[in-house]
There are 2 protein chains.
Amino acid sequence: MVNEQEFLAAYDPGAYPSVAVTVDVVALTIRDGALHLLLIQRGQPPFEGHWALPGGFVRPEEDLTASARRELAEETGLGGERLRRVHLEQLGSYGAPDRDPRMRVVSVAHLAFAPDLPDPAAGTDADAAIWLPVTALTSRQLAFDHSRIIDDGLERARSKLEYTPLATRFLAAEFTISELRAVYETVWGHPLHAGNFHRKVLSVPGFVESTGTSTERGGTRGGPRARLYRASDARLLHPALLRPAREETVR
Amino acid sequence: MVNEQEFLAAYDPGAYPSVAVTVDVVALTIRDGALHLLLIQRGQPPFEGHWALPGGFVRPEEDLTASARRELAEETGLGGERLRRVHLEQLGSYGAPDRDPRMRVVSVAHLAFAPDLPDPAAGTDADAAIWLPVTALTSRQLAFDHSRIIDDGLERARSKLEYTPLATRFLAAEFTISELRAVYETVWGHPLHAGNFHRKVLSVPGFVESTGTSTERGGTRGGPRARLYRASDARLLHPALLRPAREETVR
DNA sequence: TGAATAGTGTCTGTTAGACAGTATCAC
DNA sequence: GTGATACTGTCTAACAGACACTATTCA
């Protein structure tokens with residue numbers, strides 16, 4: 001019987017099947033009232049020329065989520081406080097044996113919510129990176145199984161807006177209730193009743209708190225100046241803001 | 001410029017950092033009115049003698065969830081129709097660099113809901129396997145980061161019961177409303193109002209459907225014979241069965 | 001002035017939860 | 001019979017959603 005230390009010293013990592021582990025990021029933001037997704041155009045095979053999620057191999061000594069945050073930083077050129085304001089969570093892992101023609105690759109997908117960001121810095125990477133409206137996705141051929149990962153990410157995003165205050169992560173630190181409503185309408189893809197939404201948001205404990213200030217001007221098409229709010233301390237919304245029941249998705 | 005086929009032929013998998021990928025399973029069942037968890041006692045280092053989640057390395061050509069199902073089958077001795085009735089879903093991936101002292105290991109954790117099962121077959125594996133009440137977990141030293149995985153799994157289970165009909169997966173194909181209520185009470189850890197629960201379950205479309213039959217006898221402590229139901233076709237519950245608001249978990 | 005928006009009031013139907021009550025069965 | 005359970009009825013408070021209305025601002 002060997003003790004644990006001897007066992008570790010004699011341990012041969014090569015005895016176990018080798019798998020590459022990558023992270024991919026479904027990064028969402030809202031631009032011009034439409035939901036956008038960060039994509040890169042692949043510069044080398046496989047899937048050369050196809051669009052793909054930003055991502056890459058997990059480095060030694062790097063945690064999974066840290067790896068995703070690094071990939072996001074590289075592709076967006078973001079750093080410091082602005083990167084810290086981006087919400088990042090694990091979405092799920094994708095490991096079908098044939099999902100990458102090169103070798104066995106398990107990808108740990110992440111989901112990110114970002115406020116409106118500048119166009120990706122082209123200098124950081126040889127690949128072209130863009131924010132693409134999600135409505136333009138259907139016509140694109142995506143690399144690997146990224147189309148499925150994106151579908152899962154979008155559904156997770158829609159669901160997260162129901163029971164968490166993460167919609168605020170799409171906005172600047174201070175925002176109006178109308179801006180918050182626009183986030184919900186954009187992600188869910190259908191209009192909400194302005195008056196009811198307003199009352200509902202203010203009634204959920206810990207969702208938003210008043211800054212005491214208002215916007216400098218009214219809206220571009222008229223209307224009074226709106227009060228400004230910031231995200232408060234709730235991590236879950238009680239009661240939740242539920243999407244209207246969708247019979248077709250239930251069965 | 002090489003074409004894609006030439007690229008793949010020249011590709012060297014060893015150029016990328018090697019990581020081992022495992023699956024671990026948080027398998028839950030209900031025995032004697034208490035929530036139980038499947039654990040194995042490790043027979044070799046690291047963490048020799050400690051209790052751990054069932055799991056193992058993902059095999060080549062094996063999908064992640066298929067791998068989890070195989071591990072579950074091996075440890076429970078289950079197969080065929082009984083295995084197919086077990087609910088299995090991906091929980092999340094755990095990949096902190098130092099979570100395994102041997103090498104970099106990323107574990108894709110899964111969550112399973114099983115009906116009451118016989119004691120694990122000891123013959124299939126050298127390790128001892130048991131169903132342990134989750135209330136007995138606090139006193140145990142668990143291997144790796146399995147304590148955290150279990151916590152995440154239990155919270156996912158509690159949450160899943162709210163908006164999916166998966167509570168039925170803890171029961172036989174036919175069950176009474178009281179048995180279903182017992183599942184909720186056990187997983188959530190507090191009693192529910194029998195009358196309100198009864199009416200609520202029957203009012204949610206697609207949750208349960210009547211078999212037209214009743215139990216042969218009343219309860220062990222008296223009472224009328226109960227009608228029998230089976231799971232119906234809903235995949236989501238609308239409206240959901242929400243846990244009472246827990247202020248402390250919200251902030 | 002006209003149109004759009006911010007924010008509030010009110011009404012209705014649905015739901016959660018408390019409570020009560022009746023019928024049935026084990027012991 | 002006694003006590004526990006299955007199931008139903010009723011009431012109340014909370015909530016979602018529809019609609020209406022006022023005040024404010026831009027053009």
Side-chain angles (χ1 to χ4, degrees), chain A residues 33 161-163 171 174-185 188 190-205 207-229 236-247 250, chain B residues 33 161-163 171 174-185 188 190-205 207-229 236-247 250:
Chain A
L161 258 53
E162 291 190 300
Y163 61 95
L171 299 171
E174 300 194 351
F175 50 84
T176 68
I177 300 296
S178 292
E179 287 167 346
L180 184 60
R181 175 167 50 85
V183 172
Y184 276 89
E185 292 176 333
W188 286 353
H190 57 76
L192 299 174
H193 188 285
N196 290 340
F197 181 87
H198 196 108
R199 183 163 4 102
K200 169 87 191 184
V201 166
L202 295 186
S203 76
V204 176
F207 192 178
V208 300
E209 61 189 33
S210 175
T211 65
T213 57
S214 293
T215 53
E216 292 288 321
R217 295 177 43 85
T220 53
R221 283 178 293 184
R225 289 181 245 187
R227 284 170 232 173
L228 286 167
Y229 297 84
L236 294 174
L237 303 183
H238 272 284
L241 279 83
L242 298 176
R243 284 175 281 181
R246 304 131 289 144
E247 185 69 26
V250 167
Chain B
L161 258 54
E162 292 190 300
Y163 61 94
L171 299 171
E174 299 195 352
F175 50 85
T176 68
I177 301 295
S178 293
E179 288 167 345
L180 184 61
R181 175 166 50 84
V183 172
Y184 276 90
E185 291 176 333
W188 285 354
H190 57 76
L192 299 174
H193 187 285
N196 289 341
F197 181 87
H198 196 108
R199 182 163 5 99
K200 168 86 189 185
V201 165
L202 296 185
S203 76
V204 175
F207 192 176
V208 300
E209 60 189 33
S210 175
T211 65
T213 57
S214 293
T215 53
E216 292 288 322
R217 295 177 44 84
T220 54
R221 283 179 293 186
R225 289 180 250 191
R227 284 171 235 174
L228 285 166
Y229 297 84
L236 295 173
L237 302 183
H238 272 284
L241 278 84
L242 298 175
R243 284 174 282 180
R246 303 130 293 144
E247 184 69 24
V250 167

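Numbers restart at 1 for each chain; the letters A, B, ... are given by sequence-line order, proteins then strands.
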Q: Whole angstrom is fine here: how far is it from CG in B:Leu237 over to P in C:dT14?
A: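 Taking CG of B:Leu237 and P of C:dT14, I get 20 Å after rounding.
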
Q: Find the distance B:Leu242:CG to D:dA14:P and express it as a whole number of Å.
A: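 So the two atoms are 17 Å apart, to the nearest Å.
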
Q: Please work out if B:Thr176 contacts a base, only the sugar-phosphate, or nothing of the nucleic acid, heavy-atom cut-off 4.0 Å.
A: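 Touches nothing.
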
Q: Rounded to the nearest angstrom, tell me the gap between atom CG in A:Leu180 and atom C1' in C:dG7.
A: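 That distance rounds to 15 Å.
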
Q: Any side-chain N or O of B:Arg227 less than 4.0 Å from the OP1 or OP2 oxygen of D:dC7?
A: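 For D:dC7, OP1 or OP2 has a side-chain N or O of B:Arg227 closer than 4.0 Å.
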
Q: Rounded to whole Å, please give me the gap between CD1 in A:Ile177 and C1' in D:dT24.
A: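 Rounding to the nearest Å, CD1 of A:Ile177 and C1' of D:dT24 are 17 Å apart.
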
Q: Enumerate the residue pairs fulfilling salt bridge (charged side-chain N to carboxylate O under 4.0 Å, His left out) with a member in residues 207-220 of chain B, sequence neighbours excluded, ordered by first and then second residue.
A: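 Every salt bridge (charged side-chain N to carboxylate O under 4.0 Å, His left out) pair that includes a residue of residues 207-220 of chain B, provided the two are not neighbours, is B:Glu209-B:Arg230.
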
Q: Would you name the heavy atoms of A:Tyr229 and A:Thr211 that are closest together and state the gap between them?
A: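 So the two residues come closest at C-CG2, 3.8 Å.
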
Q: Indicate, with a heavy-atom threshold strictly under 4.0 Å, whether B:Ser178 touches base, sugar-phosphate, or nothing.
A: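 It contacts sugar-phosphate atoms only.
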
Q: Any chance you could measure A:Tyr184, atom OH, to A:Leu192, atom CG, to the nearest 0.5 Å?
A: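 These two atoms lie 9.5 Å from each other.
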
Q: If you compare all heavy atoms of A:Pro205 against all heavy atoms of A:His238, which two are closest, and at what distance to 0.1 Å?
A: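 Taking A:Pro205 first and A:His238 second, the nearest heavy atoms are CD-O, 3.2 Å.
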
Q: Would a 4.5 Å heavy-atom cut-off, applied to side chains only, mark A:Glu162 and A:Arg243 as touching?
A: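 In contact.
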
Q: So which heavy atom on B:Ala226 is nearest to which on B:Thr176, and how close?
A: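 Of all heavy-atom pairs spanning B:Ala226 and B:Thr176, the closest is CB-CG2, 3.7 Å.
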
Q: Residues from residues 190-198 of chain B sitting under 4.0 Å of DNA chain C, heavy atoms only?
A: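 Residues of residues 190-198 of chain B that come under 4.0 Å of DNA chain C are, in numerical order, B:His193, B:Asn196.
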
Q: Quick check: closest heavy atoms across A:Leu241 and A:Trp188, and the distance to 0.1 Å?
A: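 Heavy atoms of A:Leu241 and A:Trp188 come nearest at O-CH2, 3.2 Å.
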
Q: Could you state the interatomic distance from CG (A:Leu236) to CZ (A:Phe207), rounded to the nearest 0.5 Å?
A: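 A:Leu236 CG to A:Phe207 CZ: 12.0 Å, rounded to 0.5 Å.
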
Q: Please list, in numerical order, the residues of residues 216-225 of chain B that have a heavy atom closer than 4.0 Å to any atom of DNA chain D.
A: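 Hits under 4.0 Å, by residue number: B:Arg221, B:Gly222, B:Gly223, B:Pro224.
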
Q: Using 0.5 Å steps for rounding, measure from the OG atom of B:Ser178 to the CZ atom of B:Arg227.
A: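 Nearest 0.5 Å value for the OG-CZ distance: 11.5 Å.
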
Q: Given D:dA6, is OP1 or OP2 found less than 4.0 Å from the side-chain N or O atoms of B:Arg181?
A: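 B:Arg181 to D:dA6 OP1/OP2: side-chain N or O found under 4.0 Å.
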
Q: Looking only at side-chain N and O atoms, does B:Arg199 come under 4.0 Å of OP1 or OP2 in C:dT14?
A: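 So the side-chain polar atoms of B:Arg199 never come under 4.0 Å of the phosphate oxygens OP1 or OP2 of C:dT14.
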
